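Structure first, then comments.
Here the structure is a predicted model, which means the values were calculated and not measured.
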Amino acid sequence: MKKTSLPPGHTPATPITAPVMGIQQPLAPTHPTFTPSPVQQTSEPVQSRSPVVKQPPAAPPVVQKPPIPQEDMVIVLSLDGLLERCKAASTNTSAKRKVEDIASKLTTLSDLLRESKLSQDVLQGLHYIAQAIQMLNYQAGLVKLTELASSANFSEISSFMPAVKALLQLGLYLKV
């Protein structure tokens, strides 16, 4: 771009800084302004403060969960036993991660058993799966799991059934 030069003796116009006649200016600013409050003077000398040591937050209270009913403990023990065998046999990181994920999702099943929130049909199916795990017949457990998924209330089992299925498949794969 080429700059144009001004003719000699030309002075640039001065910017308009005064209000234009006939246009009324607002009396107060349109946004609130900050006015600091006056500092109160005290007659006492200011003492230097020692550093404040922060206390760690108090631990949340431990909520006692009700025990799992004795007749349903076989389900939890069977699944936990298979989980431990899979954990011991896992050699690669993805299998170990899968075991950890399954373990966290199985806590949902334990909580549902504690609160007796599962229907009789689902409980009977879980007892059958527990027996299949004890006999190392993971294929029979997977078949029963498929039956449960197709016949039971899906919202009742959706929180833990994928973990049970993954655990049975992992046990089958690892041959434990």
Side-chain angles (χ1 to χ4, degrees), residues 29-37 46-176:
T30 56
H31 54 80
T33 57
F34 173 75
T35 55
S37 62
V46 178
Q47 296 177 354
S48 64
R49 293 185 180 177
S50 61
V52 177
V53 178
K54 288 189 176 183
Q55 297 270 341
V62 178
V63 177
Q64 290 285 30
K65 295 181 179 180
I68 296 173
Q70 193 62 36
E71 63 272 8
D72 296 333
M73 273 307 283
V74 67
I75 297 169
V76 174
L77 293 174
S78 296
L79 291 171
D80 284 346
L82 177 56
L83 190 67
E84 289 304 314
R85 292 192 303 272
C86 288
K87 184 185 268 186
S90 298
T91 55
N92 60 16
T93 56
S94 74
K96 288 179 182 181
R97 220 173 316 143
K98 191 171 207 166
V99 168
E100 290 171 6
D101 185 46
I102 291 169
S104 68
K105 290 179 181 174
L106 285 179
T107 58
T108 305
L109 173 60
S110 297
D111 291 341
L112 290 171
L113 288 170
R114 275 186 187 90
E115 298 164 5
S116 300
K117 288 191 173 182
L118 297 175
S119 67
Q120 273 309 115
D121 292 340
V122 171
L123 284 173
Q124 286 175 348
L126 288 171
H127 279 281
Y128 183 88
I129 292 170
Q131 287 175 345
I133 290 172
Q134 290 172 347
M135 296 185 303
L136 305 178
N137 189 355
Y138 307 127
Q139 195 62 44
L142 285 168
V143 169
K144 187 61 175 181
L145 186 71
T146 304
E147 289 175 19
L148 262 179
S150 62
S151 64
N153 182 1
F154 188 74
S155 64
E156 182 181 11
I157 62 173
S158 63
S159 61
F160 62 86
M161 274 303 172
V164 174
K165 179 180 180 183
L167 182 59
L168 289 170
Q169 289 173 333
L170 191 60
L172 196 59
Y173 172 76
L174 294 173
K175 297 178 176 134
V176 290

Kindly give the heavy-atom pair with the smallest separation between [X] and [Y], and that separation in Å.
X: Lys117; Y: Glu156; answer: O-OE2, 3.8 Å
X: Pro66; Y: Arg114; answer: O-CD, 2.8 Å
X: Lys98; Y: Ala166; answer: CE-CB, 4.3 Å
X: Leu167; Y: Cys86; answer: CD1-SG, 4.1 Å

With side chains defined as the heavy atoms from C-beta onward, is the minimum distance between [X] and [Y] less than 4.5 Å?
X: Pro162; Y: Lys105; value: no
X: Asp121; Y: Asn153; value: no
X: Leu123; Y: Glu71; value: no
X: Leu126; Y: Leu109; value: yes

Checklist outcome for this item: residues 128-146 vs salt bridge (Lys or Arg N to Asp or Glu O under 4.0 Å), sequence neighbours excluded, gives Lys144-Glu147
Checklist entry - Are more than 12 heavy atoms from other residues, nucleotides or ligands located less than 6.0 Å from atom CD of Gln70? => result no
Item to check | CA sep, side-chain torsions, deciding dist, call: Leu112, Ser159, side chain to side chain contact (heavy atoms under 4.5 Å, CB included) | outcome: CA-CA 10 Å; Leu112 290 171; Ser159 61; 3.8 Å; yes
[atom1]-[atom2] distance between [X] and [Y], expressed to the nearest 0.5 angstrom:
X: Gln131; Y: Asn137; atom1: CD; atom2: CG; answer: 11.0 Å
X: Leu77; Y: Glu84; atom1: CG; atom2: CD; answer: 11.5 Å
X: Leu174; Y: Leu82; atom1: CG; atom2: CG; answer: 9.0 Å
X: Ile75; Y: Asp80; atom1: CD1; atom2: CG; answer: 11.5 Å
X: Asp101; Y: Leu106; atom1: CG; atom2: CG; answer: 9.5 Å
X: Ser110; Y: Phe160; atom1: OG; atom2: CZ; answer: 10.5 Å

Next on the checklist: Can you tell me which residue among Glu100, Arg97, Lys96 is in a side chain to side chain contact (heavy atoms under 4.5 Å, CB included) with Ser90?
Outcome noted: Lys96
Checklist entry - Can you tell me if Tyr138 uses its side chain to pair, donor with acceptor, with the backbone of Val176 under 3.5 Å? => result yes
Checklist entry - Given Ile129 and Leu168, is the side chain to side chain contact (heavy atoms under 4.5 Å, CB included) satisfied, shown in steps? => result CA-CA 9 Å; Ile129 292 170; Leu168 289 170; 4.1 Å; yes
Item to check | salt bridge (Lys or Arg N to Asp or Glu O under 4.0 Å) against Lys87, all qualifying residues, sequence neighbours excluded | outcome: none
